[in-house]
Amino acid sequence: MPVSLNLLRGGVASSNSESASKATTFHQVSKNSRHIVSAIPASEVIRRLKFQKHPEGGYYIQTHQELAENPSPYADNQLRPLATSILYFLSVDNAFGVFHMNKSSTLHALHQGRAEYTLMYPDTTPPRIEKVILGPNIELGEKLQLYVGSNVWKKSSLLTEDLEFAKDSDDTSIRERVGCLISEVVFPGFVWEDHMYLDKESLERMWGGEEGWEEWVPYTKE
């Protein structure tokens, strides 16, 4: 069915189908960024997908675990599932996750909304920092997928401008439609023994006495 989109005027997708007309709304957030307000509101995502709160922040549910196992080169050749997957969700009320690291590699795939990922590579002192936005604005360099390799610290958070947009909007439903829903596929598969959180003391040590580590303290695990 053809759908006409009012991209630049912040309009709503229009068609002969009422459900299609409500599916996607485009909003101008700033001069340099346009993000898509999520089609599925946060409360419905959490309820229908049976999400639970993640210890790192946000919400998650495991969706698959391979029965077959192989020795993992990242875990001293201990047996791990070939792969596991989860759905992960950030909402306005649960807007960021703390720094954590997996021994296995992870592929992140966007479903709706957007979030900023901060990657911290501990092989240099101080660590190299990389920021990537998972989002629909591909013309602005946002990514639909993000690969994170073994032993890289990462955290995710909703963008400040998106949170301000949600909180300042006169439309109360917007708050329900600002968030980020992704899939994560971990390979070899995830087990908690291969996972760790970043604490304040470890963060400071990575900077080797230099300044700059303090800004990341709110995203460490106590």
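As a basis for the values below, the full set of heavy atoms in this structure was taken, side chains included, without hydrogen atoms, waters or symmetry mates. Quick note: residue numbers are just sequence positions, from 1.
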With sequence neighbours excluded, residues passing side chain to side chain contact (heavy atoms under 4.5 Å, CB included) with Glu222: none
Glu210, CD atom: more than 12 neighbouring heavy atoms under 6.0 Å: yes
Straight-line distance of Asp162 CG to Lys167 NZ, nearest 0.5 Å: 11.5 Å
Spacing of CD1 belonging to Ile61 relative to CZ belonging to Phe89, to within rounding of 0.5 Å: 13.5 Å
Same apolar cluster (I L V M F W Y, side chains within < 4.5 Å links), Ile129/Val98: yes
Min side-chain heavy-atom separation Ile133-Tyr117 under 4.5 Å: no
Under 3.5 Å donor-acceptor, Thr220 side chain and Val217 backbone: yes
Leu79: hydrophobic cluster co-members (side-chain, 4.5 Å): none
Single-linkage hydrophobic cluster, 4.5 Å side-chain cutoff, Leu181 and Tyr59 together: yes
Check: Tyr74 main-chain N/O paired with Ser72 side-chain donor or acceptor under 3.5 Å: yes
Cluster check Ile182, Met101: I/L/V/M/F/W/Y, side chain < 4.5 angstrom: no
Closest contact, heavy atoms only, Asp93 versus Arg175: OD1-NH2, 2.7 Å
Contacts of type ring pair (Phe, Tyr, Trp, His ring centres under 6.0 Å), residue Phe96, not counting sequence neighbours: Tyr219
Other residues, nucleotides, ligands: >12 heavy atoms within 6.0 Å of Lys221 NZ: yes
Results of ring pair (Phe, Tyr, Trp, His ring centres under 6.0 Å) for Phe190 - residues two or more places apart only: Trp192, His195
Charged N-O contact under 4.0 Å between Arg128 and Asp123: no
Which donor-acceptor pairs under 3.5 Å do the side chains of residues 46-56 make with protein atoms, sequence neighbours left out?
residue : atom : partner : partner atom : Å
Arg48   : NE   : Glu44   : OE2          : 2.9
His54   : ND1  : Glu56   : N            : 3.1
Glu56   : OE1  : His100  : NE2          : 3.4

Residue pair Leu82 / Pro188, side-chain heavy-atom distance below 4.5 Å: no
Side chain Arg177, main chain Ser38, donor-acceptor under 3.5 Å: yes
Contact summary for Ala166 and Ile174, nearest pair of heavy atoms: CA-CG2, 4.1 Å
N/O donor-acceptor pair under 3.5 Å between Asp171 side chain and Ser173 backbone: yes
Working for side chain to side chain contact (heavy atoms under 4.5 Å, CB included), residues Val132 and Glu130: CA-CA 7 Å; Val132 179; Glu130 180 184 7; 3.8 Å; yes
Rounded distance (nearest 0.5 Å) linking atom CG of Leu198 with atom NZ of Lys200: 12.5 Å
Pair Ser43, Glu176: side-chain N/O donor-acceptor within cut-off below 3.5 Å: yes
Working for side chain to side chain contact (heavy atoms under 4.5 Å, CB included), residues Leu144 and Leu134: CA-CA 6 Å; Leu144 301 178; Leu134 271 181; 5.8 Å; no
Pair Tyr147-Thr106, side chain to side chain donor-acceptor pair (under 3.5 Å): steps then yes or no: CA-CA 6 Å; Tyr147 169 81; Thr106 306; over 6 Å; no
Validation row: Arg80, Glu69 side chains within 4.5 angstrom (heavy atoms): no
Heavy-atom pair with the smallest gap, counting every atom of Gly212 and Trp207: C-NE1, 3.6 Å
Trp216 and Thr118, any side-chain heavy atoms less than 4.5 Å apart: yes
Atom pair CG (Leu90) and OH (Tyr88), whose distance is rounded to the nearest 0.5 Å: 4.5 Å
Shortest non-hydrogen contact between Glu214 and Pro218, atoms and distance: O-CD, 4.0 Å
Rounded distance (nearest 0.5 Å) linking atom CG of Leu107 with atom OG of Ser85: 11.0 Å
Enumerate, atom names and distances included, each donor-acceptor pair closer than 3.5 Å involving a side-chain atom of residues 148-159, sequence neighbours excluded.
residue : atom : partner : partner atom : Å
Ser150  : OG   : Lys103  : O            : 2.5
Lys154  : NZ   : His108  : NE2          : 2.6
Lys155  : NZ   : Ser157  : OG           : 3.4

Step-by-step side chain to side chain contact (heavy atoms under 4.5 Å, CB included) determination, Asp194 to Asn102: CA-CA 6 Å; Asp194 296 343; Asn102 291 314; 5.9 Å; no
Path from Leu119 to Met206 over hydrophobic side-chain contacts below 4.5 Å: no
Test item: side-chain donor near acceptor, Ser91 and Asn94, under 3.5 Å: no
Donor-acceptor contact present, side-chain Gln112 to main-chain Ile40, <3.5 Å: yes
Leu110 reachable from Ile86 in the ILVMFWY side-chain graph, under 4.5 Å edges: yes
Spacing of Glu161 atom CD and Leu163 atom CG [to the nearest 0.5 Å]: 10.0 Å
Under-4.0 Å salt bridge between Glu142 and Arg114: yes
Min side-chain heavy-atom separation Glu184-Thr84 under 4.5 Å: no
